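Since we're looking at a predicted model, the values are computed, not measured. Position 1 is the first residue of the sequence; numbering continues from there. Atoms within each ligand, like the ligands themselves, are counted from 1 in listed order.
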Amino acid sequence: MKLDRIIRKNIAALAPYSTARDEYKGEIGIYIDANENPYPTGYNRYPDPHQSTLKKVISEIKNIPTKNIFLGNGSDEAIDLLFRVFCEPKEDEAIVITPSYGMYSVCANINNVKLISVQLDNDYFLEADAILKNVTPSTKLIFLCSPNNPSGNLLNKDEIIKIITNFEGIVAIDEAYIDFAEDEGFVPLLNTYDNIVVLQTLSKAWGMAGLRLGMAFASEEIIDVMTKVKYPYNINCAGQHLVLEELTINKAKKEAELKEIISEREILKVELSKIKYIEKVYPSDANFILIKVPEATKLYNFLISKTVIVRNRSRITGCADTLRLTVGTPEENITLLNLLRTDEEGTFYR
Ligand SMILES: *Cc1c(COP(=O)(O)O)cnc(C)c1O
């Protein structure tokens with residue numbers, strides 16, 4: 001793929017902001033080059049704009065060279081950057097699947113980029129041809145999400161590969177939930193395809209939603225442009241420090257919790273399937289389960305009245321009468337199940 005053909009001209013020509021630390025990289029000295037306050041507070045200095053230490057640790061965990069890693073203020077920053085880098089407002093187009101994560105269309109709208117939504121099939125699986133037939137010479141970006149939110153399933157890998165190999169633009173594969181799946185996703189294929197961007201996050205399996213750390217993995221060329229366009233200090237000192245601590249000191253604890261969430265998901269699947277009025281428990285490779293029930297909004301309100309808050313997805317096209325349940329602690333899951341089991345026919349909420 002020729003990156004020049006799909007990157008916006010003003011971005012290709014952009015000279016990035018050069019920080020004080022870009023211009024002098026030494027370790028010791030009297031630093032009077034960045035107009036910082038000299039009195040130490042632990043955060044009087046600007047953070048590392050390249051997040052070098054953090055990238056090194058993530059590189060080891062993910063087995064990806066640091067040159068192929070971009071770190072952002074959540075994956076939401078990476079999603080927005082993809083539009084800003086590749087899509088000329090009012091000219092270019094992007095394709096998303098539906099139902100899927102809402103931020104792709106929000107970012108498209110903010111950037112004034114025309115978005116084509118392609119409906120997944122009735123069981124929320126992907127057909128490459130349905131996507132490919134919507135590609136025009138102006139299509140620069142295709143967003144896929146696997147495991148998909150809100151449906152929970154991994155998309156078929158062969159169909160994704162068919163899209164990647166038949167599209168001369170960027171395919172972003174959002175793997176926010178990949179750690180919950182028994183699948184290695186597209187990271188091992190980064191060297192095979194130069195037009196993919198794999199998005200992952202520390203918000204879900206790693207339990208750091210509050211720290212806002214998203215990751216994009218791609219070719220060095222793509223990572224370099226994303227890095228050029230990001231705000232220089234997009235990850236603050238406290239964020240970099242706390243994430244490092246979690247990834248190193250607390251790694252074993254995180255892994256044990258991840259295992260428990262996956263086994264709780266399997267228990268929830270079985271127990272939800274036993275409840276008669278639940279019409280469908282969708283397959284899940286993520287940390288949530290989508291269910292279809294009669295009059296979902298009434299069940300949603302019933303659960304709220306019992307202070308259990310789930311996500312009502314009923315208004316989304318293709319998701320009528322569905323609720324999305326995040327896997328909680330074993331105690332929380334029991335509370336949820338007991339409420340849902342109030343009676344067999346679901347008359348308690350209707
Ligand atoms: C939760 C989620 C994210 C995470 O976004 P962050 O900005 O990293 O917190 C990304 N994509 C999908 C599909 C999600 O559900």
Query raised in the report: For E23, does the CD atom sit with more than 12 other heavy atoms under 6.0 Å from it, leaving out its own atoms?
Result: yes

Query raised in the report: Is it the side chain, the backbone, both or neither of D76 that has a heavy atom closer than 4.0 Å to ligand 1?
Result: both

Query raised in the report: For ligand 1, is there an N or O atom under 3.5 Å from any N or O atom of N73?
Result: no

Query raised in the report: Looking at C145, which atoms of ligand 1 are within less than 4.0 Å of one of its heavy atoms?
Result: 13 (C)

**Report entry** For ligand 1, the portion of R212 having any non-hydrogen atom under 4.0 Å away
**Finding:** side chain

Report task. Check the angle between the aromatic planes of Y104 and F143 and answer parallel, tilted or perpendicular using the 30° and 60° thresholds. Result -> parallel

Requested in this report: Step through the shown structure and confirm whether more than 12 heavy atoms of other residues, nucleotides or ligands are within 6.0 Å of OH on Y43.
Outcome: no

Query - Ligand-residue contact atoms, ligand 1 with K204, heavy atoms, under 4.0 Å - result: 1 (C), 2 (C), 3 (C), 4 (C), 14 (C), 15 (O)

Query raised in the report: Hey, are D22 and T19 close enough side-chain-wise for a donor-acceptor pair under 3.5 Å?
Result: yes

Query raised in the report: What is the nearest protein non-hydrogen atom to atom 11 (N) of ligand 1, stated with its residue, atom name and distance?
Result: D174 OD2, 2.6 Å

Query - E159/K162 ion pair, N-O < 4.0 Å - result: no

**Report entry** Selection from P150, G102, S75, G210 by shortest heavy-atom distance to atom 5 (O) of ligand 1
**Finding:** S75

**Report entry** Whether F288 and Y177 hold their rings parallel, tilted or perpendicular, with breakpoints at 30° and 60°
**Finding:** perpendicular

